[in-house]
2 protein chains.
Amino acid sequence: MDLVRQLGENVRRIRKERGISQEELALDAGMKRSYVSDLERGTRNPTVRALGRLAAALKVPPAILISNPSE
Amino acid sequence: MDLVRQLGENVRRIRKERGISQEELALDAGMKRSYVSDLERGTRNPTVRALGRLAAALKVPPAILISNPSE
DNA sequence: TTGTGACTTGGAGTCCGTG
DNA sequence: GCACGGACTCCAAGTCACA
């Protein structure tokens with residue numbers, strides 16, 4: 001499983017847990033909604049700074065987003 | 001402390017622990033030595049794929065590289 | 001052995017839209 | 001509310017020479 005897809009799955013899972021839409025997450029992270037959509041589907045390879053903004057918006061440590069949740 | 005600098009510090013620390021040069025690390029990660037130098041100094045904002053190659057070369061989980069080691 | 005400036009190319013990230 | 005696309009802009013990727 002590649003890191004980009006891992007990230008996408010984690011973002012989607014945590015976002016759902018928060019009960020917010022892609023649009024709200026995008027707003028909090030200072031990104032475009034279409035970009036968040038791409039990230040969740042694993043079709044984009046973001047920078048670590050983008051990863052950091054995403055983690056902050058989801059209120060989790062950045063490392064969580066590229067970890068395997070089943071561990 | 002921003003994530004990019006955190007990453008740089010972690011890479012340098014772990015590389016030193018391995019007792020290898022930037023050149024050797026660069027070779028293992030499929031990068032140029034000057035790029036590794038930039039990363040360690042926190043002057044580059046790499047993508048998560050680059051982060052993944054780095055983690056593999058250092059033989060650590062990717063999440064480690066953007067974690068705070070003092071935790 | 002490492003830091004750094006300069007450079008080209010490719011892709012990150014934006015902005016417009018569609019069903 | 002989300003997937004997906006086209007056309008952009010600009011920064012990261014990737015490389016080199018030199019200190």
Side-chain angles (χ1 to χ4, degrees), chain A residues 1-70, chain B residues 1-70:
Chain A
M1 161 77 81
D2 123 281
L3 213 51
V4 168
R5 293 188 63 178
Q6 179 77 260
L7 170 65
E9 288 185 9
N10 287 332
V11 169
R12 175 158 299 181
R13 181 174 39 79
I14 298 172
R15 178 176 64 79
K16 296 274 190 188
E17 286 172 9
R18 299 280 183 276
I20 64 177
S21 67
Q22 289 182 349
E23 182 114 34
E24 291 173 285
L25 175 56
L27 197 68
D28 287 350
M31 304 171 166
K32 292 297 155 184
R33 188 199 53 75
S34 65
Y35 187 55
V36 172
S37 171
D38 288 345
L39 288 180
E40 289 190 356
R41 283 177 297 122
T43 63
R44 292 272 184 158
N45 176 27
T47 60
V48 309
R49 256 197 264 275
L51 174 67
R53 292 209 309 277
L54 216 44
L58 288 169
K59 300 183 179 63
V60 293
I64 292 287
L65 298 181
I66 53 172
S67 302
N68 189 334
S70 69
Chain B
M1 161 77 79
D2 129 278
L3 212 52
V4 169
R5 293 187 63 177
Q6 178 77 261
L7 169 65
E9 288 185 10
N10 287 333
V11 169
R12 175 158 297 180
R13 180 174 41 76
I14 298 172
R15 177 176 64 79
K16 297 275 189 186
E17 285 172 11
R18 299 281 183 277
I20 63 178
S21 66
Q22 289 182 349
E23 182 113 33
E24 290 173 286
L25 174 56
L27 196 69
D28 286 351
M31 304 170 166
K32 289 297 162 181
R33 186 200 52 76
S34 64
Y35 188 57
V36 172
S37 170
D38 288 346
L39 288 180
E40 289 191 354
R41 284 175 300 120
T43 63
R44 293 256 189 166
N45 177 27
T47 60
V48 309
R49 255 197 265 275
L51 175 67
R53 293 209 309 278
L54 217 44
L58 288 170
K59 300 183 179 63
V60 293
I64 292 288
L65 298 182
I66 53 172
S67 302
N68 188 334
S70 68

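Letters A, B, ... mirror the listed sequences (proteins, then strands); counts begin at 1.
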(request) May I ask you to test the A/Arg13-A/Lys16 pair for a side-chain heavy-atom distance under 4.5 Å? (result) no

(request) Can you pull out how bent the helix from C/dT2-D/dA19 to C/dG19-D/dC2 is, comparing the axes over its first five and last five pairs, to 10°? (result) 50°

(message) Is it the case that the side chain of A/Asn45 and the backbone of B/Arg49 share a donor-acceptor pair, with hydrogens and angles ignored and the cut-off at 3.5 Å?
(response) yes

(request) Decide yes or no for A/Asn10 and A/Ile64: does some side-chain heavy atom of the first lie under 4.5 Å from some side-chain heavy atom of the second? (result) no

(request) State whether the distance check finds a donor on one side and an acceptor on the other, under 3.5 Å, for side chain A/Ser34 versus base D/dC2. (result) no

(request) Output yes when at least one side-chain N/O atom of B/Tyr35 is less than 4.0 Å from OP1 or OP2 of D/dT15, else no. (result) no

(message) If we ignore hydrogens and angles and just use 3.5 Å, is the side chain of A/Glu40 paired with the main-chain N or O of A/Ser37 as donor and acceptor?
(response) no

(request) Could you grab the distance from atom CD1 of A/Ile66 to atom CG of B/Leu51, nearest 0.5 Å is fine? (result) 4.5 Å

(message) Closer than 3.5 angstrom, by distance alone: can the side chain of A/Arg44 be matched with the main-chain N or O of A/Tyr35 as a donor-acceptor pair?
(response) no

(request) In whole angstrom, give the distance that lies between atom CG of B/Leu3 and atom P of D/dA12. (result) 14 Å

(message) Would the distance check show the side chain of B/Arg53 and the main-chain N or O of B/Ala29 forming a donor-acceptor pair, the cut-off being under 3.5 Å?
(response) yes

(request) Mind running a 4.0 Å heavy-atom check of residues 12-33 of chain A against DNA chain C and sending the residues that fall below it, in number order? (result) A/Gly30, A/Lys32, A/Arg33

(request) Scan residues 36-55 of chain A against DNA chain C and write down, sorted by residue number, each residue with any heavy atom closer than 4.0 Å; if none is found, say none. (result) A/Arg44, A/Asn45, A/Pro46, A/Thr47, A/Ala50

(request) Could you tell me whether A/Arg5 and A/Glu9 make a salt bridge, using a distance below 4.0 angstrom between a side-chain N and a carboxylate O? (result) no

(request) Could you tell me whether the side chain of B/Leu7 reaches within less than 4.5 Å of the side chain of B/Val11, counting heavy atoms only? (result) yes

(message) Donor-acceptor check, side chain of A/Arg41 to backbone of A/Gly8, threshold 3.5 angstrom: yes or no?
(response) no

